[in-house]
Every structure is written in structure tokens, then in C-alpha cells.
Protein chains: 4
Amino acid sequence: MQLGVIGLGRMGQIVVDRVLDAGHDVVAFDLDAAAVATAADAGARPAEDLNDLTDRLGEGKRIWLMVPAGEAVDATLSELEPHLDAEDVVVDGGNSHFESSVRRAESTDAAYLDCGTSGGPAGAELGFSLMIGGPEWAYEAMTPVFDAIATGPAGHDRMGPSGSGHYVKMVHNGVEYALMQTYGEGFELLANGRYDLDLESVARTWNNGAVIRSWLLELCEEAFREEGNDLGDVADHVAGGSTGTWTVQEALEQEIPVPLIYQALAERFGSRADDGRFARRLANRLRYGFGRHEVQRRGE
Amino acid sequence: MQLGVIGLGRMGQIVVDRVLDAGHDVVAFDLDAAAVATAADAGARPAEDLNDLTDRLGEGKRIWLMVPAGEAVDATLSELEPHLDAEDVVVDGGNSHFESSVRRAESTDAAYLDCGTSGGPAGAELGFSLMIGGPEWAYEAMTPVFDAIATGPAGHDRMGPSGSGHYVKMVHNGVEYALMQTYGEGFELLANGRYDLDLESVARTWNNGAVIRSWLLELCEEAFREEGNDLGDVADHVAGGSTGTWTVQEALEQEIPVPLIYQALAERFGSRADDGRFARRLANRLRYGFGRHEVQRRGE
Amino acid sequence: MQLGVIGLGRMGQIVVDRVLDAGHDVVAFDLDAAAVATAADAGARPAEDLNDLTDRLGEGKRIWLMVPAGEAVDATLSELEPHLDAEDVVVDGGNSHFESSVRRAESTDAAYLDCGTSGGPAGAELGFSLMIGGPEWAYEAMTPVFDAIATGPAGHDRMGPSGSGHYVKMVHNGVEYALMQTYGEGFELLANGRYDLDLESVARTWNNGAVIRSWLLELCEEAFREEGNDLGDVADHVAGGSTGTWTVQEALEQEIPVPLIYQALAERFGSRADDGRFARRLANRLRYGFGRHEVQRRGE
Amino acid sequence: MQLGVIGLGRMGQIVVDRVLDAGHDVVAFDLDAAAVATAADAGARPAEDLNDLTDRLGEGKRIWLMVPAGEAVDATLSELEPHLDAEDVVVDGGNSHFESSVRRAESTDAAYLDCGTSGGPAGAELGFSLMIGGPEWAYEAMTPVFDAIATGPAGHDRMGPSGSGHYVKMVHNGVEYALMQTYGEGFELLANGRYDLDLESVARTWNNGAVIRSWLLELCEEAFREEGNDLGDVADHVAGGSTGTWTVQEALEQEIPVPLIYQALAERFGSRADDGRFARRLANRLRYGFGRHEVQRRGE
């Protein structure tokens, strides 16, 4: 089949490659001409603009958006809209908020699928996990493409109606934060504990048969191998956080306790408190207040 | 080579089977004659008692203990001690506290290896992950047995001196608690959230290519398949907790923050507060104290 | 001076009483005629409706809203609006979200003050703590009323521009949740710990000179005195949570970690999970998955 | 009555002063002669050593220990022991672990009272809160002294048998950590939130009538007044932690969840992680592992 791919960043190029490898045709567009050229080298037909892309796709268009979540999605959709009708299918493969996806699904004439995509650039070889929300017929129509982009048929499924794909992906990311922080706590204790341990060996041993084996633990093993046992100059600064924030916000709205996910997110915030945590500075001072304990000052 | 196995419960029988399968000889003993008979059926030579077992092993004994952590280990060791000398190797494959292992290593004439064993009965086919502490020569001497019991050579390693094997296993279990609770939080949000989701499908889709894929997530998938989407009659009651408690105790002593691991342990305690959480009952009453909010009473 | 009070529930009546006691005039209105009658008995002039109330107040109206946060505030304001001009002052003394207060301040012709009110019905005698946001002149103009409703001049202050009063009150409530839960944890440990303790005596002893003495601790003392050492039939069910939720939401937006406040809120949610916590039910089942630990079932 | 006071540090001198002020006699000793001289200036009779102190006290000795928790208590007690008999009363007013107090009570011939003392040097004027464990007759015998040292009769009580005083004090301190951290979170949000606030004014307004008013909040008010709105050069480094650690250890043993108290303690540990939190450094690197997100490096 034929797929239009809009957005040719790192993830978009992987989508192009995997769909081409599966024997499909790809029409590719990005605002960056160099990215379009890369896709063309890989075998995609380059589009000059969105008009050109939709022209080339003809009737029953199948379009995959891989543009940054937020305004770029709306801008692209609004430019596409005049060319879309009820037989077309648009997939948003990015990290959009599920409520945005519901809104977009309602406002386009095309069938709209929200597709949570997990696996990251590291998944280029293996394929991704795709969590998809939207009309059943559109999901069925896109199955050959999903088979190609995912690890295979088991790597994608329709979660439910519009928004459910990005909803499940949002929760996935919340879980991801907490898993990462959990491994971090374990290795922090090992790194500062009673024994001089080879953390790469610990991770490798665990990855072979232990209850806690996982892909993230394989990435821990890789991290110790590449950065060294003490993680070298890797900073205590964890960027990102929007999907984890969404997860906690949704959990607040649903009144579901998610203390581990929350704490993992809070650790990220804490790692970015470049001026020190005010809460702890006040606690420091309060110990003087009642106990006349010496107040440690900056620069001491 | 020849291995004496003491303790033929579920895990001990798996050890016997895997060592026999690898072509080694096993002399097996348990206080329960039926368990000895099972091992004998599998091909092990049965021992009548510990005297008999040590007699059969001759010089350079290699002994694997798979008895419950605690007094049973000390009792077994004290009965073995008269038969042990510096050329013998004793492995404790159970969940002993690392400080007990250090103490035992110091008090026996044999070389003593503390071996954290992860993978559970479910690891019978694949083999286990073995984290081993103790003298290097003893680790080397036992390598054929470790190869057999572990998933293979990559599934075991010497962590360091006495106690380090059980130390790493202790932290492994703390991490395990938090990973389980994290997946639990994610699925709790999905189960009570905005969409009617098929949680087995979610877990399966995640297990195929998602960042959070893991063996525990495969067990989640299995749980939903076997218990149903709402987990049927599975109770909100999480048993166990000793190794997680040790992890937090050690983290307190080392002054390392482990909030996610702590919280996972606290959730277990909370699930066992059969009479309600006193803290929340007091908070309920305090809301009346200042705000005259109605106090919800039991049975209402 | 003269004050119109709209909303004569428990808190509104206290406002009426305190303002009257300070020698001011009050014109009072509520949709419930009985509440108006109560205020009239106390010495207020009853208003038949909002028209009547504004008529009676004349020029330079001073109006205190003590209606439930949310739609009731908007409905009241929209009915008042035709009668308001730039010399009038309207105070919202309820628990409105600060963003609603900013919006309302911008849409009314009157000067609008958002006033966080803490102390609860229990503060009827002592007076309240008032955190006020909005135009300085309006704050000054209302000072006699604030003096009367607050504990005195020290019990109120202008926090800053519109919204800041309710903003500070929101954070106050988040702190309140965590303080309550903290005392709860301490008493839970004492109630279940190694000694048979008289918790009322503990609280009273602490309230006399201990670092942790506070008004909430006085309410703990009262709770043990009135409910008994085991809190009798007080349920493990903590209602409420909107202002605490707002606090956490704002902290997420500001990327400020508030783990204790979050956890206090999560405990409330957990206390209302009448069907058990799904997260822990899954953890229960996972222990069987890898360890073949028995799954505790409901009704066992 | 007559009281021997051993240990004349900041707290010991306050004890001497308050007991003298109440009209009792004090015999005072400290290893530091200057401290003894200070007590003598205040009106106490100086003792040359412990022999001298016990000689001066005669029969039915009443002795207050205010020495640092730990070995100093045992050393003092072992030197006192030859001079003690069943009619004597020894009070340990320091922060000893309750299990040490139980052990000491069992090993001395005197009646032994463990007395948790809260209020800190700041309580010199007001008096302290005293939580006392041990034999009832000894508690009764010491009542005049407790009345003097505490805020008055309401400021002390017998909690129960040996150890219960220090047990309740231990929990008090765990609660104290969490209250301090909670106020810290609230003020951190206010300090970094949407409005430019005068935090001293916020604290003062809250201390006058708000639900969350407390002595610790008065100390917050003082901190902002003395250090400035941004706490000046107060460092993000919270020292101390032993009694909070004991509280969490005891809660682990009792299987009681104390997530807020734990988190407050973990924040202290985190504030002292001078080399960055390893857990977060690993999370930073893992984001590169799966997502090729740039790894922030130290010094960037």
C-alpha cells in the first residue's frame, strides 16, 4: 500500500525505513528539505509540500504524522484538511495529549487514529509498540503499515475509541519514569553501599534470569559499560516530564493514587532545582529555630 | 562433578533437576522423606541424613543449601560443621540476610558462598540469575554447577567477598517490589480511567517493543489472561516483605533515599491493615475538628 | 461601616455575627429564608433579594460573598453586576480557585477581592486568618471588616494582586492535608506500637511545650477525648480533596516537588478505594507469577 | 526538693535554671569545669565529680542526666551505679533510643525514668514537654521537678513503663521532621509560584487563626524575618536524622506505613548527597538509552 509520511525527524525516518522495508510505497514530506532528501535516498518519493503529498496519494489517503506534539500537529492538520475526506485515514504517531487527539478526531473529515509509539530510536531494528485509538475500520485499513512499523502483528493493537491510544501511551510513560527511578534507587544503594561492586556485572547477571530483568535494565547495563561504574560525568539533571505530568494530572482527576509515579516525576523536578530546594533550606533553618542547631550556609 | 543438595522444596527440586540435566551427580537430602524420594526419582542419590550425605560426598565436598532463610540455615550448618574442612564449599542459595552470611562464612571451616537466586519457580526451564559472594577459588570451583543452575554462564557472577551475593539479592528484591507496584499503579489508572480497555491487550502490546517491556510485564499479561480484566477475586492483600524491609533498613543506614522502594513496601503494609489505617481515621476526624465536616462512621 | 453579606451558611453566619459584634451594620441575604431570619435575629437587616440588598447598601457598596465555590459565585456575581460600579468592593470569602478569582476580578466593574478564609467553624470565637488578593485601595477600604472577621489586625493581610489570596489559601490547604496525615502517621505508630499509650495524654503533653505543638494537635487531643483512644467507629474514609488537588496541580505546573502534600492527598484517594487498590491486587497476583506464592483471594 | 544534674550543656543549664527558679536545690556536675561554674553562678551547688555529687545528695537521690545520647549515658551510669540503691531515681532527659533505656532500667539498682524532652533551647522560658516512662512511684516522686522543667503540670505525663517516654519522643521527632518538610513544601511553592509574596506576612497571617498555625510556623515566620524572603544564604543541607531514622526503623518493624515521615527523612539524606543523586544520574542516562535524548553532563 501507499503511505504519506509527514515529519521526517529521527522517528519519522525510522517509520519511512520500516514501511519501505515491508514493501510499501512512501510519499515523504518535511519542512526541512534535507530530511526529505534523506527519505528519498532511502526510497521514498519526495513531496514538495502538503498539496503535492496529498495529490500524489490520490483517493483513500493513508497519512502518518510524526511531527512534534502540540501546535505542529494542529498546523499540519489544518493545512491538510481541505484535501481530506471520510475515506482518508490520518495517524498521529507522536506524543499528543489524548484530549487533543479526541478534539482533532472530531474536527477532521478523515478518520483519525491516535497512535502511541514506544521504543524510541533504539527500536529502529526491532520495531515499535503501537497503542492505537480510533475507528475500527481505519485501524483495520492501516494494519499493513502497523505490522511494518511495530515489532509485528503482536506489537500493535486498537485500544479503543479516539484518544485511547494516546491515553495508554501517556500511562506507559508515567510507568516508564517510575521504572527508571526504581532501577536508579537500587543502583544508588549498590553504588554507595557496603561492597565495591561492578554494576555492569550486576545488571548483566540480573538480565539473565532475574525477576527484575527488562529492557530498561539492559539499558542500565549498557550505561555502566559505556559511562563507567560511577557513570562518569553524567549529571544529576533529568530533563523531560510532560507525559509524566499528564499521567499524574489524569490520576488526580480520576482520584487514583500513583505515589511511585508521582515521586519519579518529583525527582526530575528536584534534579532541576538549580538553586537548591527551598523546602529543605527552610527545614535547615527551622532546626536552628527550635534546637539552636548550627545553620549550614552556602559556601561553607 | 558431584553436588550435595540439602533442602528439597520447590526451589531445591529445580536445583536438583537442572544439575542432573547438566550431567552432574547429585546427593540429595531433606527432612521430608517424600521430598528425598522425588529427588531420587529424578536421578539423585538419596541421603538418609547429613552424616550420610557428607560421607557420600567424600573429599572436596560441594554442598548447596536450599533451606528456608533463618534458623534452618544455622541448624543445618552446625550439624554439617564437624564434617567440613577448608577444601569444602558450601553455598547458601536462599534469601539469607547478608550479615548472617558474613557471620556464617566466618564461623565455618569450609569456604562459604552466599548466593542470591532470582527467577522463582517460574525460572525452572530458563534457569536462574545467581549473585554470588565469597572466596574466588570457591566460586571458580563451583562454576559448573552455577552454569547448570543459572541461565548459563551469563546468568551468574561473583559480586565480591562474603555477603555481597545476598546483599545484591536484597537490593534486587527491593527493586522488584517497586517495579511491581509501579506496573500496578499504571494498570490501576487504566482500569479506572476514561476508556474501557482490555488490559491483557495493553500488556501484550507493551511487551512487544515498548520501553517498559519486562518479564514482570509478561507476568501482568498472564495475570489478566488468567484472572480476567478486573483480576476477579484477587484480594488487596500483598504478603511478604522481609527482603524489602532489609533493603530499606540498609538504605537508612547508608542514608540513601529510596522513596519508591519504601513506598512499595508501605503499600504492602497498608494492604494488610485489616482494621483500617489509623492515620486516615484520625484525618477523617480532624476534618470535623476544624471544619465541622461530617465524620464518616463505620458501617455507614 | 455597612456590609452586605450574601450566603448565610455556617461560615456566613459567623461572618455576620463577628461584623455585627464589631459594631458594623449588616445587610444579609441567602436563598434560604430561614438563614436570613437567623441573621436578622442576630441583628442584621434582612434583604429580600439581591436587588433589595444592593438598594439598601447605596453608593460605595461593600459586599461579602460566602457562597459555595464554583457556579454559585458566578451566578451571584452575574446577578449583582448591573448594580455594581467602580466604587464598590466585592469580597469572595470562599474556597474559589485562584484562576476563577482572576477571571472574575477582570470581568466585574467593582473592585474584587479574593479572600482565603481559614479557621473553620471552630474559629467563630477566635476569628479567622484572612489571605487577601486584589486592589490595594479596596483592601484598605475593607480593613474594618477584615479586622472584625479575622483574629484582629494581625489575622489578615493583602498578599498581592487578584488571585493571590486564594492562591495562598490553596497552598495553605495542601499544607493542611499533609500536617493532618503526618500527625496521623505518628499516632498510628503509637497506637500500634510497643506500648499501651493514652493518646489523649500524649497529645496533651505534646501540646504543652513540644516542638510539634499546634492547633491541629489540639484537635487530635480533642478527637481522642471525644472518640476514645482507638477512635471508636471513625471510618477509614477521608472525604474532600479539591483544594489539595489544586495545590498538587499547581506544583506540577510550576515543576515544584511536593511529595508529602501529594502523598497526603493520595492517602485520601486510597481511603475511598472501596473495591480495594487495583495496584496492590496486581502485585499480589504477580508474586504468584514468579514465586508461586499463594494468591490471597477475597473472602478468605 | 534536691536534684542532682549531670551534664550542663545548653539544655542542662536550662534544667538547672528552671529547677532553681522553682525553689529547689540543685547539685550540678559536668566534665567541663566552666559549665559547672556557670551553674554555680546561677545558684547551684557545684560538685567536683560524681562521687561528690552523690555524697551531697544523700539518701533518696534524685538525679537528672542531660548528657549526649549514647556512650556518655552508659559511662555516667556505670560510674554512678556503686552509689545507687532502690530508693534513688535517675532520669535520662536526653534523646536515647528507647531500647537503650529499657536495658539501662533493667541494669541499675535505682528507679530509672526515661524522659523525652521537647521544646529545645527555645523552650527555656516557656518550659518543656516531658514524656516519661518508668515506675509510677518514681514518676510521682519526681513530680515537683517535672513541674518545674515542663511548662507546668500539663507539660509532663507518665506514658507507661520503661522506654515509653523515649518511644513517644522518638515518634514526636519523626512527626517533627515531616511537619517541617511540609511547611517547607508549601513555602517552596509560594516562593516559586505565580505571585511575588512576602512570606513573613504569609506565615504571620497563617499564625493568626489559620488551621495550620503552630509553633513551627511561628519559627518559619521568624526565619523569613531574620533571613529574608529568599532565606538568604541558608544552604540546602539538612543535618541530623537519627531519631527520624529510629522512627522509620520502628515503623518497619511494626509494619506501619509512614510515607510522609519517611519522605521527610529521605529529603534530609538527599540534601546531603553532595555528589548528586546516582538514581537520577542513571535516569538521565537511560533517557538517552531508549530515546537518544541528549545526556546532560557535569559542567555543562
Side-chain angles (χ1 to χ4, degrees), chain A residues 10 119-123 176-177 180-181 183-188 191-192 215-216 219-220 222-223 227 230-240 259 263-264 267-268 270-271 273 275-300, chain D residues 10 119-123 176-177 180-181 183-188 191-192 215-216 219-220 222-223 227 230-240 259 263-264 267-268 270-271 273 275-300:
Chain A
R10 206 153 34 190
E176 178 189 292
Y177 287 28
M180 288 164 69
Q181 193 62 29
Y183 285 119
E185 287 185 3
F187 283 110
E188 181 163 333
N192 294 282
W215 188 51
L216 280 167
L219 296 177
C220 292
E222 177 188 279
E227 303 285 349
D230 64 354
L231 291 178
D233 65 353
V234 174
D236 179 358
H237 183 104
V238 194
Q263 184 62 30
E267 293 283 354
R268 293 196 177 194
S271 78
D275 202 35
R277 293 281 318 281
F278 196 86
R280 303 195 299 214
R281 295 173 63 217
L282 182 55
N284 176 1
R285 183 47 167 71
L286 289 177
R287 293 183 75 246
Y288 169 81
F290 60 78
R292 294 294 176 260
H293 300 286
E294 197 191 352
V295 179
Q296 183 154 342
R297 302 284 172 176
R298 282 170 169 167
E300 282 174 4
Chain D
R10 207 154 33 190
E176 177 188 291
Y177 287 27
M180 288 164 68
Q181 193 63 28
Y183 286 118
E185 286 184 4
F187 283 110
E188 180 163 333
N192 293 282
W215 188 52
L216 280 167
L219 296 177
C220 292
E222 177 188 278
E227 303 285 350
D230 64 353
L231 291 178
D233 63 354
V234 174
D236 178 358
H237 182 106
V238 193
Q263 184 62 32
E267 292 285 353
R268 293 197 177 193
S271 80
D275 202 35
R277 292 281 318 283
F278 196 86
R280 304 193 301 213
R281 297 173 61 216
L282 182 56
N284 176 1
R285 183 46 167 73
L286 289 177
R287 293 183 75 247
Y288 169 80
F290 60 78
R292 296 293 175 262
H293 300 286
E294 197 191 352
V295 179
Q296 184 153 341
R297 302 283 172 176
R298 282 171 168 167
E300 282 175 6

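Naming convention: chains lettered A, B, ... in sequence-line order (proteins, then strands); numbering from 1 in each chain.
Rounding to the nearest 0.5 Å gives a distance of 11.5 Å between CG of L282(D) and CZ of R277(D). Separating the CZ atom in R268(A) from the CE atom in M180(A) is a distance of 5.0 Å, to the nearest 0.5 Å.
Interface residue V295(A): only side-chain heavy atoms are found under 4.5 Å from chain D. In this structure, chain A has a heavy atom under 4.5 Å from the side chain of A191(D), while its backbone stays farther away. Only the side chain of E176(D) has a heavy atom closer than 4.5 Å to any heavy atom of chain A. Heavy atoms closer than 4.5 Å to chain A are found nowhere in A264(D), neither backbone nor side chain.
Between chain A and the options S271(D), A279(D), G184(D), G291(D), the largest number of non-hydrogen pairs under 4.5 Å is found for A279(D). Heavy-atom pairs under 4.5 Å with chain D peak, among R287(A), R292(A), E185(A), at R287(A). Options C220(D), G119(D), P121(D), A283(D) differ in how many heavy-atom pairs under 4.5 Å they form with chain A, and the most are formed by P121(D). Counting heavy-atom pairs closer than 4.5 Å to chain D, the top residue among H293(A), E294(A), Q263(A) is Q263(A). For the options F278(A), W215(A), Y288(A), heavy-atom pairs under 4.5 Å to chain D are most numerous at F278(A). Interface check for chain A: of the options A239(D), G120(D), G276(D), the most heavy-atom pairs under 4.5 Å are formed by A239(D). Interface remark: of the candidates V238(D), D230(D), V234(D), N192(D), V234(D) forms the most heavy-atom pairs closer than 4.5 Å to chain A.
Here the side chain of R285(D) pairs no donor or acceptor atom with the backbone of L219(A) at under 3.5 angstrom. Side chain of N284(A) to main chain of A235(D): a donor-acceptor pair is present (N/O by atom type, distance under 3.5 Å, no hydrogens or angles).
Scanning both residues, A122(A) and G289(D), for their nearest heavy atoms gives CB-O, 3.6 Å.
Residues D236(D) and R280(A) are paired through a salt bridge, judged by an N-O separation under 4.0 Å between the basic side chain and the carboxylate.
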